[in-house]
Each structure stands twice: as C-alpha cells, then as structure tokens.
**Student:** 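First the structure, which I've put down as structure tokens, then a few questions once you've had a look.
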Amino acid sequence: MPTTMQESATIAEQLRALVRLQLIDTRIDQLEKLRGDLPDEIRDLEDEKAGLETRLEKYKRELKEYEVERRRARLDIEEAETLIKRYEEQQLHVRNNREYDALTKEIEAQRQRIEAAKARLEELERLTEERTAAIQEAEARLKELEEVLQAKRAELQEVMEDTKHEMEQLQAMRAEAEKAVDPRYLRAYKRLRARYRDGRAVVPLERGAAAGYAVPPQQQVEIRQRKRIIACEHTGRIIVDSELFQEVGQELGFTNGSAGSS
C-alpha cells in the first residue's frame with residue numbers, strides 16, 4: 001500500500017524527533033564522560049576501605065582473644081607449678097611405691113601442662129606481633145585511602161558542579177523530546193541505546209555509509225526522502241540523512257549538529 005502524504009509527514013516528524021532525542025542523549029553521554037573513571041575509582045576505593053575496616057575489626061577482636069588466652073595460659077602455669085610443689089611435698093610422706101609413682105605421674109602431667117602453656121604463649125606472642133603489624137599496615141592504608149577518596153570526591157564534585165546547569169537543561173529537554181517519539185519507536189530506540197556502548201541508536205548517512213557500514217544506493221535515496229524509517233541491516237540502527245542531523249542540531253543550539261556521528 002502506497003504511503004499517504006499524511007503518513008509521510010508523520011514519519012518525517014518521527015525521524016526528526018528521534019534525531020533530537022539522539023543528539024540530546026549524545027550530549028548527556030559526553031557530559032557524563034567528563035567524569036571519566038572517577039565514579040568507578042571512588043566505588044573501588046570505598047569497597048577497599050570497607051574491606052579494610054572489616055579486617056581491622058577482626059584483627060582487633062583477635063588481639064583481645066589472644067590476651068584472654070595469654071592470661072589463661074599464665075594461670076595454667078601458676079596452677080601447675082603450685083600442684084607440682086604440693087605433689088613433691090606429698091612424695092616425702094608417702095607410705096609405699098604405688099603412691100609415690102602416682103604422684104610422679106601427676107607431677108609429669110603438670111610439667112607437660114606447663115610446657116604446653118609456654119608453647120602456646122610463644123605462639124600467641126608471634127600471632128600478636130603479626131596482628132599488630134597487620135593493624136598498623138591496615139591503618140596506614142586506611143589513612144591513605146581516605147586522603148585519596150577525599151581528593152577524588154572533590155574532583156568529581158567539581159566536574160558535576162561545572163556541568164550541573166547544562167545537565168539539568170538537557171534532562172528537561174530530553175523529557176520533552178521523548179514525548180514526541182511514538183512509543184513503538186521509543187522502545188526500539190532504547191533497546192538500541194542499551195545494545196551499543198556508544199549509545200547511538202540513530203546514525204547519520206555520510207558518504208554512502210552509516211556507523212561504518214555501506215548503505216545500498218536505493219536505500220540512500222529513501223533515507224534522504226525521509227518517508228520511511230530505515231534500519232541498518234547490519235546493526236539495526238536507524239539511519240537518517242546527515243542534513244537532518246545538522247538541522248536538528250542547529251535547532252537545539254548545539255554547535256555541531258553531527259554530534260550523533262561522533
């Protein structure tokens with residue numbers, strides 16, 4: 001069925017609306033890129049900081065546990081030494097070898113108890129030194145992280161302040177531009193925006209190609225006529241003649257109407 005004049009006008013309006021939306025989105029993308037990797041860097045630093053803080057809490061909790069164990073080991077040694085003295089005194093008053101041997105075993109058991117407690121004290125001393133060093137290292141890194149984070153946040157805040165006014169204007173323009181796009185075309189536009197990293201759903205026809213792919217001559221003619229919405233057979237992107245990009249860009253007040261082709 002041939003396209004009516006009214007339908008052609010509607011298609012032309014939709015193409016213009018799509019280009020307007022694309023140019024606005026492209027400018028928003030450019031402003032967001034000014035932030036560079038700062039948001040990701042800040043997020044990574046915050047994650048590292050949170051991990052360090054959790055580790056520090058664990059280390060400090062372990063130090064307290066080691067101190068409790070040290071006190072317990074010292075008490076074991078004192079108690080064992082007291083028992084040894086008592087058993088040695090009792091050996092002086094035993095009536096037979098059986099009692100003497102029994103006390104000798106008790107004395108040996110307490111000496112082993114002392115050796116085990118001393119070995120644990122040595123291990124606890126080593127662990128305490130390791131944890132203390134780890135805490136000092138973590139605290140130093142935390143201090144360094146906080147300084148870097150403050151600098152990165154200030155840098156990001158400065159960039160956001162510099163672009164805040166323009167970003168607010170663009171967001172308002174975008175909301176209006178989106179209303180002018182037919183819902184079915186808007187859904188397709190959003191899918192394409194999400195599919196490609198450069199966010200270009202609508203691309204201009206320039207020197208017989210669009211987004212790096214050659215466009216057949218007959219399609220080029222149809223694209224310039226603006227009577228159909230034509231998608232690239234390779235990428236699915238909507239192709240529009242470059243003059244329309246220039247026209248809409250000038251209407252929006254952008255210095256370069258071909259912003260969508262960058």
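Bear in mind the structure is a predicted one, so any value in this text is a computation, not a measurement.
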**Student:** Would you say K60 and I135 make side-chain contact, with heavy atoms under 4.5 Å?
**Tutor:** yes

**Student:** Restricting to ring-ring contact (aromatic ring centres under 6.0 Å, His included), what partner residues turn up for Y66, sequence neighbours left out?
**Tutor:** none

**Student:** Report yes or no: does Q22 contribute a side-chain atom to a donor-acceptor pair with the main-chain N or O of A201 at less than 3.5 Å?
**Tutor:** yes

**Student:** Are E62 and K58 ion-paired here, with the side-chain N under 4.0 Å from a carboxylate O?
**Tutor:** yes

**Student:** Could you go through E115 and R111, starting from their C-alpha distance and side-chain angles, then the distance that decides it, and tell me whether this counts as salt bridge (charged side-chain N to carboxylate O under 4.0 Å, His left out)?
**Tutor:** CA-CA 6 Å; E115 287 178 8; R111 284 174 177 162; over 6 Å; no

**Student:** Determine the minimum heavy-atom distance between V94 and Q91, stating which atoms define it.
**Tutor:** CG2-O, 3.3 Å

**Student:** Is the shortest distance from a Lys or Arg side-chain nitrogen in E122 or R126 to a carboxylate oxygen in the other one below 4.0 Å?
**Tutor:** no

**Student:** Let's go through E222 and K227 carefully: what are the C-alpha distance in whole Å and the side-chain angles of both, what is the deciding distance for salt bridge (charged side-chain N to carboxylate O under 4.0 Å, His left out) to 0.1 Å, and is it a yes or a no?
**Tutor:** CA-CA 7 Å; E222 294 176 339; K227 293 180 179 179; over 6 Å; no

**Student:** Quiz question: by atom type and distance under 3.5 Å, do the side chains of T235 and R195 form a donor-acceptor pair?
**Tutor:** no

**Student:** Could you tell me whether R226 and E247 have a side-chain N and a carboxylate O separated by less than 4.0 Å?
**Tutor:** yes

**Student:** Under a 4.0 Å threshold between the charged nitrogen and the carboxylate oxygen, would R120 count as salt-bridged to E123?
**Tutor:** yes

**Student:** Under 3.5 Å, is there a donor-acceptor pair between the side chain of N96 and the main chain of E99?
**Tutor:** yes

**Student:** Check D29 with R193, please: is the shortest side-chain N to carboxylate O separation under 4.0 Å?
**Tutor:** yes

**Student:** With the 4.5 Å side-chain cut-off for hydrophobic clustering, are M173 and V248 part of the same group?
**Tutor:** yes

**Student:** Answer yes or no: is there an ion pair linking E46 with R153, defined by an N-O contact shorter than 4.0 Å?
**Tutor:** yes

**Student:** For P204 versus S242, what's the shortest heavy-atom pair and its separation?
**Tutor:** CB-CA, 4.0 Å

**Student:** Where is the tightest heavy-atom contact between A211 and V203, given as atom of each residue plus distance?
**Tutor:** CB-CG1, 4.1 Å

**Student:** For V240 and L244, work out which heavy atoms get closest and say how close.
**Tutor:** CG1-CD2, 3.1 Å

**Student:** Counting only heavy atoms not in Y196 (residues, nucleotides, ligands), do more than 12 fall under 6.0 Å from its OH?
**Tutor:** yes

**Student:** Would you call R98-D101 a salt bridge at under 4.0 Å N-O?
**Tutor:** no

**Student:** Got more than 12 heavy atoms from elsewhere within 6.0 Å of CD, E243?
**Tutor:** no

**Student:** Looking at L103, is its backbone amide N or carbonyl O close enough to the side chain of E88 to form a donor-acceptor pair, meaning the two atoms are under 3.5 Å apart?
**Tutor:** no

**Student:** If the threshold is 4.0 Å, N to carboxylate O, is there a salt bridge linking E176 and K179?
**Tutor:** yes

**Student:** Are R141 and E137 close enough for a salt bridge, meaning some N to O gap below 4.0 Å?
**Tutor:** no

**Student:** Below 4.0 angstrom, N of the basic side chain to O of the carboxylate: do E89 and K85 qualify?
**Tutor:** no

**Student:** Answer yes if the side chains of R113 and Q110 hold a donor-acceptor pair under 3.5 Å, and no otherwise.
**Tutor:** yes

**Student:** Any Lys/Arg nitrogen of R61 or E57 sitting under 4.0 Å from an Asp/Glu carboxylate oxygen of the other?
**Tutor:** no

